[in-house]
Protein chains: 2
Amino acid sequence: MGTIDIDGNRQEATCKQELIAMRDSLEILGGKWKLMLLRYLSNRLEEKNNFKKIQREIEGLSAKMLAKELKDLELNLLVSRSVVNTKPVTVEYRITPYGLNVLPLSENLVQWGLDHRAQIKR
Amino acid sequence: MGTIDIDGNRQEATCKQELIAMRDSLEILGGKWKLMLLRYLSNRLEEKNNFKKIQREIEGLSAKMLAKELKDLELNLLVSRSVVNTKPVTVEYRITPYGLNVLPLSENLVQWGLDHRAQIKR
DNA sequence: CTGTATCCACTGGGATACTG
DNA sequence: CAGTATCCCAGTGGATACAG
């Protein structure tokens, strides 16, 4: 007695929020190129990563998709975009400090994928 | 001198495999319902989880999708399927011991999603 | 009960060409 | 260089009906 909370209810709520959170993550990171882009940028923190360079170096990535994925990532504060006043303007993309937080997660995905491939093959 | 391996090459290969592994993971776990199903089953290890019960308890999940997702998960050894000789046959689905390995990963996704939601709102 | 089959709308994503 | 616009296709996923 005393508390009116019913554990069942509280768990239900928490569970739903967890599902929403998981869905969020997959939505934000789950595109075909997003995690690849973040990993790419995280390996080139010191370089000038402009649009064309990225597209050239990630094989199969079209301008359309690159523009879209970068826009999405920027909206989620994972990537920063800065225009540089060169003769034809260039744009530099960088992963944000906050964006670096996804690296452990992507490592886990890599690890799971590797383990799973081994598991399936036997 | 002595070794012919070029670090650049070896890193390239590793990097590509990592990307493939990541893609694998997203493909296998990334469907709309897969992680939800695995979490659902992991919370009901002691129950008889038959098709209809699962569909009833996961809101919005159609028979078609449930069948498909379960089949995929079974192919990847994450879920087991066993037919029971009841009057009209029933089928019990369980998460495999191996399937339990995805739970940490899904926890990470949940955590990242929660953190991110907090991050974006401020 | 356990699914399959069918139809259909929406979206992701590729190819190509074009603008500022 | 940095994107946008357009077209187009394959896959996802919902609704409903049906079959074993």
Side-chain angles (χ1 to χ4, degrees), chain A residues 19-20 22-38 40-41 44 47-76 78-95, chain B residues 19-20 22-38 40-41 44 47-76 78-95:
Chain A
L19 291 175
I20 292 172
M22 206 168 56
R23 189 65 53 85
D24 282 354
S25 301
L26 289 175
E27 219 165 277
I28 294 170
L29 304 175
K32 182 166 181 182
W33 304 102
K34 299 220 179 68
L35 281 170
M36 198 183 314
L37 271 172
L38 290 176
Y40 175 93
L41 291 176
R44 289 161 181 79
E47 305 178 25
K48 312 291 184 193
N49 298 296
N50 48 42
F51 194 91
K52 200 61 184 180
K53 169 170 178 281
I54 300 175
Q55 200 201 332
R56 232 183 303 111
E57 295 187 0
I58 299 187
E59 79 176 30
L61 178 48
S62 68
K64 171 186 162 186
M65 286 313 297
L66 179 53
K68 179 182 166 298
E69 302 284 59
L70 285 173
K71 213 174 287 176
D72 291 349
L73 292 174
E74 196 192 347
L75 269 175
N76 282 298
L78 300 168
V79 159
S80 70
R81 174 186 191 275
S82 46
V83 180
V84 186
N85 276 0
T86 45
K87 310 205 283 184
V89 293
T90 59
V91 180
E92 285 176 24
Y93 291 95
R94 254 168 287 152
I95 188 171
Chain B
L19 292 175
I20 292 172
M22 206 169 57
R23 189 67 51 84
D24 283 353
S25 302
L26 289 175
E27 221 164 275
I28 294 169
L29 305 174
K32 183 166 179 181
W33 305 102
K34 299 220 178 69
L35 281 170
M36 199 182 314
L37 271 171
L38 289 176
Y40 174 93
L41 291 175
R44 289 161 180 78
E47 304 178 24
K48 312 289 184 195
N49 299 296
N50 48 41
F51 194 91
K52 200 63 185 180
K53 170 170 177 281
I54 300 175
Q55 200 201 333
R56 232 183 302 110
E57 295 187 359
I58 300 188
E59 79 176 31
L61 178 47
S62 68
K64 170 185 163 187
M65 286 313 298
L66 179 53
K68 180 183 166 295
E69 302 284 61
L70 284 172
K71 210 175 290 176
D72 291 349
L73 291 173
E74 196 192 349
L75 269 176
N76 282 298
L78 300 168
V79 159
S80 71
R81 173 186 191 274
S82 46
V83 179
V84 185
N85 276 0
T86 46
K87 309 206 282 185
V89 294
T90 59
V91 181
E92 284 177 23
Y93 292 95
R94 255 168 288 149
I95 188 170

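Proteins get letters first, then strands, A, B, ... in listed order; numbering begins at 1 in each. Keep in mind the model is a prediction, meaning the values are calculated, not measured.
Of the inter-residue distances, the one linking B:E69 atom CD with B:I54 atom CD1 reads 12.0 Å to the nearest 0.5 angstrom. In this structure, the separation between CD on A:E27 and CG on A:N76 is 9.5 Å, given to the nearest 0.5 Å. Distance check: A:R94 CZ to A:S80 OG gives 5.0 Å after rounding to the nearest 0.5 Å. In this structure, CE in B:M65 is found 11.5 Å from CD1 in B:I58, a value given to the nearest 0.5 Å. One finds the CG atom of A:L66 at 6.0 Å from the CG atom of A:L37 (value rounded to the nearest 0.5 Å).
Residues from residues 49-57 of chain B that place a heavy atom under 4.0 Å from any atom of DNA chain D: there are none. A heavy-atom distance below 4.0 Å to DNA chain D is reached by none of the residues of residues 78-94 of chain B.
Applying the side-chain hydrogen bond (donor to acceptor under 3.5 Å, both in side chains) criterion to A:K64, with sequence neighbours excluded, gives no partner residue. In this structure, the side-chain contact (heavy atoms from CB on, under 4.5 Å) partners of B:D24, at least two apart in sequence or on a different chain, are A:R117, B:I20.
Between chain A and DNA chain D, the heavy-atom contact criterion of under 4.0 Å yields a 5' to 3' nucleotide range of D:dC1 to D:dC7.
A 4.5 Å side-chain heavy-atom check between A:N50 and A:V91 finds every atom pair outside the cut-off.
Residue A:I28 comes nearest to A:L78 through the heavy atom pair CG2-CD1, 4.1 Å, listed as atom of the first residue, atom of the second, then distance. Summarising the geometry of B:M22 relative to A:M36, their closest heavy-atom pair is CE-N, 3.8 Å, with the distance given to 0.1 Å.
Here C:dG14 presents its C1' atom at 16 Å from CD1 of A:I58, a figure rounded to the nearest Å.
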Shorter than 3.5 Å, N or O on both sides, protein versus nucleotides 10-13 of chain C: list them out with atom names.
from	atom 1	to	atom 2	distance (Å)
C:dG13	OP1	A:K32	N	3.2
C:dG13	N7	A:K64	NZ	3.2

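A side-chain donor-acceptor contact under 3.5 Å links A:R23 to the backbone of B:K32. Between the side chain of B:N49 and the backbone N or O of B:R44, at least one donor-acceptor pair lies under 3.5 Å.
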